Number of protein chains: 2
Amino acid sequence: MDNRKLVLHGRLGAKEGKRDALAASLLKAAAAMESVAACRLYVVSTAESDSNGVWVTEIWDSAEDHAASLGRPETKALIAATMPLIAELPERALKLGLVGGKAPR
Amino acid sequence: MDNRKLVLHGRLGAKEGKRDALAASLLKAAAAMESVAACRLYVVSTAESDSNGVWVTEIWDSAEDHAASLGRPETKALIAATMPLIAELPERALKLGLVGGKAPR
């Protein structure tokens with residue numbers, strides 16, 4: 001990846017009946033990102049047609065900023081709390097480089 | 001889709017050698033969205049590992065706002081100008097409902 005902003009997009013599969021709990025846990029991660037300036041976007045979505053899927057879409061100033069966030073104790077604790085709700089990790093998680101557009105600055 | 005914000009995410013496949021032109025054309029669409037309040041995010045991304053793909057990720061206040069934007073003459077002109085650059089329309093374009101997160105307000 002070059003020095004462009006990083007776009008991450010992936011689907012997490014919740015354990016049966018745990019989709020709402022997984023979404024709620026990921027919203028806690030999103031709330032923690034409010035104070036992380038290098039995280040420009042962290043949104044949690046679901047689809048009517050997929051009763052277990054939860055999508056996370058993120059924009060980071062750089063791959064390094066994202067990697068650094070994963071090392072924060074708060075992030076590690078959130079990941080540890082979220083993992084028991086997850087049945088499937090992203091198969092085709094996308095790591096993209098932002099070209100531009102209408103985005104938080 | 002209910003009354004939640006709409007998240008759209010899909011990959012367009014450019015004709016051979018046209019990826020940069022396609023991205024530039026989509027950036028024009030993104031620029032046109034700067035004045036559309038109901039469009040909260042419209043970003044264009046590419047991946048090192050995919051020499052033809054261009055991803056568009058959008059957040060709209062509602063599905064109706066998105067549908068209305070497709071009917072604007074400016075949007076129709078941009079779509080008409082972009083189509084000749086596209087070899088593959090999205091196979092698995094995602095239409096998701098935003099649950100929440102750190103996002104443009």
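Throughout, protein chains are lettered first and strands after them, A, B, ... in sequence-line order, and every chain is numbered starting at 1. Since the model is a prediction, treat every value here as computed from it, not as a measurement.
- Side chain of B:T75 to backbone of B:S69: a donor-acceptor contact under 3.5 angstrom is found.
- Both the backbone and the side chain of A:A103 come within less than 4.5 Å of a heavy atom in chain B.
- The parts of A:V43 that come within reach of chain B are both its backbone and its side chain, each placing non-hydrogen atoms under 4.5 angstrom from that chain.
- Contact count versus chain B (heavy atoms, under 4.5 Å) is highest, among A:A29, A:G53, A:G101, A:A30, for A:G101.
- No other option in B:C39, B:A24, B:A31, B:A23 has as many heavy-atom pairs under 4.5 Å with chain A as B:C39.
- Contacts between B:L94 and chain A at a heavy-atom distance below 4.5 Å involve the side chain alone, from C-beta outward.
- A salt bridge links A:R11 to A:D50: at least one charged side-chain nitrogen sits closer than 4.0 Å to a carboxylate oxygen.
- Contacts between A:S49 and chain B at a heavy-atom distance below 4.5 Å are absent for every atom of the residue.
- A:V56 has its side chain out of reach of A:L8: every pair of non-hydrogen atoms, C-beta onward, lies at least 4.5 Å apart.
- A:L26 places a side-chain heavy atom less than 4.5 Å from the side chain of A:L12.
- Between B:R4 and A:T46, the side chains place a donor N or O and an acceptor N or O closer than 3.5 Å (distance only, hydrogens not considered).
- Your options are B:E58, B:K28, B:K102, and the one with the most heavy-atom pairs under 4.5 Å with chain A is B:K102.
- Proximity to chain B involves both the backbone and the side chain of A:L41, based on heavy atoms less than 4.5 angstrom apart.
- Side-chain contact between A:V36 and A:M33 is present, with at least one heavy-atom pair separated by less than 4.5 Å.
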